[in-house]
Each structure stands twice: as structure tokens, then as C-alpha cells.
Amino acid sequence: MFKRNLFLSAGLVMALALAVPATAQTLAAARPAWAPSGLPDRVVLSPGADAAHEMAVAWRTDARQMNAEAEIVEAIDSPAFESRGRAVAGLSLDGVMRGGQGRYHTVRFTDLKPGVDYLYRVKGADGWSEWLGFRTASADVTKPFRILYFGDTQNSILSKGARTIRAGLMRTSPDVVVHAGDLTGRSQDWEWGEWTAAGGYGYAMVPQIPAAGNHEYSDDDDGRRQLGPLWAAQFALPENGAEGVAETSFYTDYQGVRFIVLDGTAGTSLDALDAQTRWLDQTLASSTARWNIVVQHQPIYTCARPNDTEALKAAWEPIYRARGVDMVLQGHDHCYSRITDGEGKASGEARRAQGAAQGPVYVVSVAGPKMYGLNNRALTQPDRVAADTQMYQTIDVEAGRLRYRAYTVSGVLYDAADIVRAADGTKTLREPAEALPPLRLCDGGAGPDGTPCVGSTK
């Protein structure tokens, strides 16, 4: 049903997931300090504000490559394609000054054609990267595409989190990838090395939409929270966010979907709540997209913590409802839940039975191995919940439907829901009649697979 990206056949995605500098077992020994070289590494593609016409790339080299240089060309079948390439310059900065190594570079590709396959490469002092491919979003906003969504990776990124990243890339052939924060544990250089290795050159070929989590921040000597300096170096994100939070709040329009990324940590710890709230309302009000999806780290409704993040809930949830947000993709809680009614599962079922319009669907998920135990609302508030389970999720976007599916890391379909849009714009939620396994829960110290339950209580 979906036309898959030319560069992401199942075999190639398997290769991109596995083709990292060395295997997970030998990588630390081969490059213990994750030192840069004269060839580009840590290549990450991001969409521009208008993904039909803009893409951007960030990468790293050693200090000898002083300038950000890239080449781009429309993809053709002849191997002589590079004869048509054009050079694009960007910005370069000292990675050591940001707590890393080498130099970081960013280039923005503008004036691109919608729905076209491109090839690009980036430069290091000892040579160019391989030619990497991406496809711009289509100008046809009703054309289907697929979103791949990950919750926190955070800990043991390469040794255990990578299996979720690679399983998602291999099995789903996504057109865009969303990360709901806490990509790293402490935003240190070696962690970014593991994170980019986990995605291989999939991160360089599929546009990535990351939200910053609280673990992308650290406390300075005065105890004030500050964003890890390598965040802005690792991503070339659209510069259209809220005032004072330009590095971690932004929106991008992709083929009928407006993705809006918020920074909950800046909202709760850095006096950036009001600015983001105003910007959120304005960005939704100006949206002409068929679907609006918000990405944030801290959940509106928690599945692990005793209390919700009340400041964000009070400021943002009324806007989500008033402006018709369809989904809110979240992390932070290290458990899985899908909530369609804050008053609880029974209330949501009753309202849907009466034909009530659907408000936002709130999802929390976790990709990495760190787990939290479920809270005392987990069996009554969410429509579906899981503990001690690494997961990835897909959202298939159609003109009149969002098809949401959640999978365990081994590929088992665990949750399914469709948001259906009627001709008059009203939206209802339907749970397809697909066979789902029993809830994955911890029973005392025993986990759902018979191994010890690793989720700690918050």
C-alpha cells in the first residue's frame, strides 16, 4: 500500500542498521574515545521547516576540516550522477569547545523539489562520505507516508538500545523518524557516538525529528539547568521555535502533517513555559496541515510517576484540545501507555460508543533498557499499557486516517488504533480487530517474559 523510499529496501535498511564502524562487541575496544578522523562520521539528516523543499545535515570530522562542505544532486540511475552535483557550504564549529572532539558541521539544502530522490555527500580532510540518499516530502499532502517513533534510549545505548532502533528501521522502512527525548543519558561525547552508531547511516538517510529530554540537560556550577552543548552541534534543526528555546523547539511540515516539537525541561526548569505556550498556540493556529502531531519528552499523563507534570498539563493540554491536536508522542516514563481519555479507559469507551469526537491520543513509550514500574492508574487510565518492554511504534499517515501500531522489539504487534477523519473534519478513534497479546505486566519480581522485572518504582 505504501511506496517505500528508493533507498530503504528491507535489505538496505538491514545493512544501514548494521553498517557501523565496528560491531557492538568490539566498538568500544576499537574506538574507546570515539575519536574523530579525517572522514565524516555522526551524520544525521533533519527536515527543514518545509520538508518538501528543505533538508539539513549535521556531521563531525577531525579538526583539520575547517569548513562545512557538501554536495547534492538529484538521483539518477547512471553512476555518472555526480557530474550534475552542486556544492553547498554551511557552518562549522569547534567540537572541543562544546565538550566533544574535532569539528562539527551543518549544511542546509534549500530550493529542493518536492517528492524527489536526492543524493548528497559531506566532506572531511581525508575525503568525502559515501553518497547518501533521501527523498523530499511530496507536494501532494494526501499521499501516504510512514512515521517511526521511538521513546527514550538513554542508557546502554549501543549495547541494548540499538536493537530497538535497528529493528524499527529494518522492519518498517520509515519516511521520517521521531525521537521523544532522552536520546542520551548525560549528553556526553561518547554517548552521542553510541547514539549515532545505533542508527548507522539510517540516521543520515531518513529525516530525524528529535525532542530534547531532561537527560539532554545538566546542571551548571550554580545548579541551573543547561542544555548539553553537543545537542545543537549534532542536529541541524529548523530555527523557527519559541523565543529563548530555538535550539529545542521547532516545527516542520511534512506531507500533510505538522510536527510540533516542545521542550518540557525548559518549560519546567528554565522559565520557558509561557514563551512555548504562546508559540504552540500560534503554530497550531497557523497550521493548514490535515494532521497535527506534537512531540515532547515529559508526558501529559504519566504511566509510571505518581503525579503528572502539572505545569505542562495545565498550559498545553487545553491548547491541544482547542486546536485539534491528533497525537502527542512522549517519553520520560520508561513504560508504555496509550491514553485517549484522561478520565480513564472506561470513560473513553463510553464516549466513543456515543459517537463523541476524538481528542488527542497520548502515547508514552521506551526504546532503551531502562524501565520504571507502572503507577496505580496504569490499569484503569490507559487504553493499553506495558511494563518492562522495549518498543517502537509506527504511524501510517493517510488523507483520512492515522494508523497507529505499537510493536515489541521482537516485532510482535502489541497495540493498534486508528484515528479516522470524517468529511466534516471530525475525528473518531477505532480499535481494529487485530489479535493482540495479553498485557505485559510485572507480577511482583517476575517480569512478563519470566525474567526478573527490572522496572524500578518512581
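- Not less than 6.0 angstrom separates the ring centroid of F259 from the ring centroid of Y251.
- For the residue pair Y217 / D263, a side-chain donor-acceptor distance below 3.5 Å is found, with atom types taken as modelled.
- Judged purely by atom type and a 3.5 angstrom limit, Q298 has no side-chain atom pairing as donor or acceptor with the backbone of L312.
- Side-chain contact check for Q296 versus I300: some heavy-atom pair is nearer than 4.5 Å.
- Y301 and E317 share a donor-acceptor pair across their side chains, judged by distance under 3.5 Å alone.
- Under a cut-off of 6.0 angstrom, the local environment of NZ in K160 is sparse, with at most 12 non-hydrogen atoms contributed by other residues, nucleotides or ligands.
- Taking the six-membered ring where tryptophan is involved, the planes of Y203 and H179 are perpendicular, since the angle between them exceeds 60° and thus also 30°.
- With rounding to the nearest 0.5 Å, the separation of CZ in R224 from CG in L270 is 5.0 Å.
- In this structure, F109 has its ring center no closer than 6.0 Å to that of Y118.
- Side-chain contact check for S286 and R258: at least one donor-acceptor pair (N or O, by modelled atom type) lies under 3.5 Å.
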Evaluate Y407 against Y414 for ring pair (Phe, Tyr, Trp, His ring centres under 6.0 Å), listing each step before the verdict. CA-CA 5 Å; Y407 298 89; Y414 187 78; over 10 Å; no

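- Taking a cutoff of 4.0 Å between a charged side-chain nitrogen and a carboxylate oxygen, K427 and D326 qualify as a salt bridge.
- Ion pairing between D418 and R430 fails under the 4.0 Å rule for side-chain N and carboxylate O.
- There is no side-chain donor-acceptor pair under 3.5 Å between S37 and D62.
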Go through it in stages, so that I can follow the logic: the residues are Y149 and Y392, the test is ring pair (Phe, Tyr, Trp, His ring centres under 6.0 Å), and I'd like the CA-CA distance, side-chain angles, deciding distance and then a yes or no. CA-CA 6 Å; Y149 149 48; Y392 60 88; over 10 Å; no

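- A salt bridge links R405 to E434: at least one charged side-chain nitrogen sits closer than 4.0 Å to a carboxylate oxygen.
- W128 carries R121 over the face of its six-membered ring, with the cationic atom under 6.0 Å from the centre and within 45° of the normal.
- Across all their heavy atoms, F250 and P210 have their closest contact at CE2-O, 3.5 Å.
- Ion pair D449/R440 flagged as a salt bridge, since at least one NZ, NE, NH1 or NH2 atom sits closer than 4.0 Å to an Asp/Glu carboxylate oxygen.
- For the 3.5 Å distance criterion, the side chains of H297 and D182 qualify, holding a donor opposite an acceptor.
- Taking the six-membered ring where the residue is Trp, the centroids of W192 and F235 are separated by under 6.0 Å.
- A donor and an acceptor atom, one from each side chain of Q226 and D219, are nowhere located under 3.5 Å apart.
- Side chains of N214 and T265: no donor on one and acceptor on the other come within 3.5 Å.
- Side chains of Q393 and S365: a donor on one and an acceptor on the other come within 3.5 Å.
- Taking CG from L379 and OG from S337, the interatomic distance works out to 11.5 Å, rounded to the nearest 0.5 Å.
- Inspection of the Q154 and H334 side chains reveals an N or O donor paired with an N or O acceptor under 3.5 Å.
- When every heavy atom of L45 is checked against every heavy atom of A204, the shortest pair comes out as CB-O, 3.6 Å.
- In this structure, a donor-acceptor pair under 3.5 Å is present between the side chains of T277 and W316.
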